[in-house]
Engineer: 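Okay, handing you the structure first.
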Amino acid sequence: MAQKQTAGRDQLGDFAPKFAELNDDVLFGQVWSREKELKPRDRSMITVTTLITKGAFEQLPYHMQTAKKNGIIKEEIVEVITQLAFYVGWPNAWSAFNIAKKVWTD
């Protein structure tokens, strides 16, 4: 089981306590812990792909680091972003590559 998520409470707990609770306990607690239904590696691939598609680049570094920890290798993330470029746009792919390059170069 993964480490308990506290980012919601750490960053938004005072300002938006219910959102922080849902983030930490429901999304990262209950949903991400359902490893029998969907492996963390697959959840990471889906999450990273969705964030790139939406252009949600602020959240992408954390999720790419998580994807790397969950077994996504450099060649796979490069292929995913290349595939997405044709469907979600070149600028989104370019931005995602800049983040992925930092994560998979470490």
Side-chain angles (χ1 to χ4, degrees):
M1 178 86 180
Q3 180 178 341
K4 179 158 174 48
Q5 178 64 261
T6 62
R9 287 181 177 88
D10 295 346
Q11 296 176 31
L12 294 173
D14 292 338
F15 188 75
K18 187 60 177 181
F19 182 85
E21 175 190 335
L22 293 169
N23 181 81
D24 296 352
D25 299 343
V26 178
L27 174 59
F28 286 101
Q30 295 172 20
V31 175
W32 272 82
S33 69
R34 294 168 45 92
E35 294 182 15
K36 184 175 132 190
E37 291 76 11
L38 195 62
K39 300 291 181 217
R41 181 186 191 288
D42 297 332
R43 286 190 196 278
S44 284
M45 185 75 77
I46 292 165
T47 301
V48 166
T49 300
T50 302
L51 293 174
I52 294 168
T53 301
K54 294 179 62 63
F57 299 110
E58 185 175 339
Q59 292 78 23
L60 202 51
Y62 169 81
H63 283 286
M64 282 191 172
Q65 291 166 355
T66 301
K68 184 178 178 183
K69 289 177 193 167
N70 286 336
I72 305 296
I73 62 172
K74 177 189 148 214
E75 291 78 12
E76 291 171 317
I77 199 67
V78 166
E79 193 63 25
V80 165
I81 297 169
T82 301
Q83 176 76 17
L84 286 174
F86 293 93
Y87 294 94
V88 304
W90 218 254
N92 281 19
W94 195 272
S95 296
F97 272 126
N98 283 329
I99 295 167
K101 188 173 155 183
K102 291 176 186 171
V103 171
W104 273 270
T105 300
D106 293 342

Engineer: Passes side chain to side chain contact (heavy atoms under 4.5 Å, CB included), Ile52 versus Met64? Steps please.
Structural biologist: CA-CA 10 Å; Ile52 294 168; Met64 282 191 172; 4.2 Å; yes

Engineer: More than 12 heavy atoms of other residues, nucleotides or ligands under 6.0 Å from CZ of Phe19: is that the case?
Structural biologist: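 Result for CZ/Phe19: open.
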
Engineer: Under 3.5 Å, side chain of Trp104 to main-chain N/O of Ile99, donor-acceptor pair present?
Structural biologist: no

Engineer: Start with the C-alpha distance between Phe57 and Leu51, add both sets of side-chain angles, then the distance that settles side chain to side chain contact (heavy atoms under 4.5 Å, CB included), and finish with yes or no.
Structural biologist: CA-CA 7 Å; Phe57 299 110; Leu51 293 174; over 6 Å; no

Engineer: Between Glu76 and Arg41 (salt bridge meaning N to carboxylate O under 4.0 Å), is one present in this structure?
Structural biologist: yes

Engineer: Side-chain contact, heavy-atom cut-off 4.5 Å: Val78 with Phe97?
Structural biologist: yes

Engineer: Is there a donor-acceptor contact under 3.5 Å from the side chain of Lys68 to the main chain of Val103?
Structural biologist: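 Between the backbone of Val103 and the side chain of Lys68 there is a qualifying donor-acceptor contact (under 3.5 Å).
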
Engineer: How far apart are the closest heavy atoms of His63 and Val48, and which atoms are they?
Structural biologist: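 Closest heavy-atom pair between His63 and Val48: O-CG2, 3.6 Å.
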
Engineer: Kindly compute the distance separating OG1 (Thr105) from NZ (Lys74), expressed to the nearest 0.5 Å.
Structural biologist: 7.5 Å

Engineer: Identify which one of Phe86, Trp94, Tyr87 satisfies the ring pair (Phe, Tyr, Trp, His ring centres under 6.0 Å) criterion when paired with Trp90.
Structural biologist: Phe86

Engineer: Do Thr47 and Trp32 come close enough that some side-chain heavy atom pair is under 4.5 Å?
Structural biologist: yes

Engineer: Same cluster for Ile46 and Ile73 if Ile/Leu/Val/Met/Phe/Trp/Tyr side chains link at under 4.5 Å?
Structural biologist: no

Engineer: Just verifying a value: how many Å separate Arg43 CZ and Ser33 OG, rounded to the nearest 0.5 Å?
Structural biologist: 8.0 Å

Engineer: So, taking the atom named CG in Asn23 and the one named CG in Leu12, what distance separates them when rounded to the nearest 0.5 Å?
Structural biologist: 8.0 Å

Engineer: Got a second to check how far Thr49's OG1 is from Ile77's CD1, nearest 0.5 Å?
Structural biologist: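 Interatomic distance, Thr49 OG1 to Ile77 CD1, rounded to 0.5 Å: 6.5 Å.
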
Engineer: Can you check whether Asn92's main-chain N or O pairs, donor with acceptor, with Ser95's side chain at less than 3.5 Å?
Structural biologist: no

Engineer: For residues Glu35 and Pro40, determine if any side-chain heavy atom of one lies less than 4.5 Å from a side-chain heavy atom of the other.
Structural biologist: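 Answer yes - side chains close enough.
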
Engineer: Has the side chain of Asp24 got a donor or acceptor atom that lies under 3.5 Å from a matching backbone atom of Gly8?
Structural biologist: yes

Engineer: Side-chain contact, heavy-atom cut-off 4.5 Å: Arg9 with Asp25?
Structural biologist: yes

Engineer: At what distance, to the nearest 0.5 angstrom, does CD of Glu21 lie from CG of Leu27?
Structural biologist: 13.0 Å

Engineer: Other residues, nucleotides and ligands only: do more than 12 of their heavy atoms fall within 6.0 Å of CD on Glu58?
Structural biologist: no

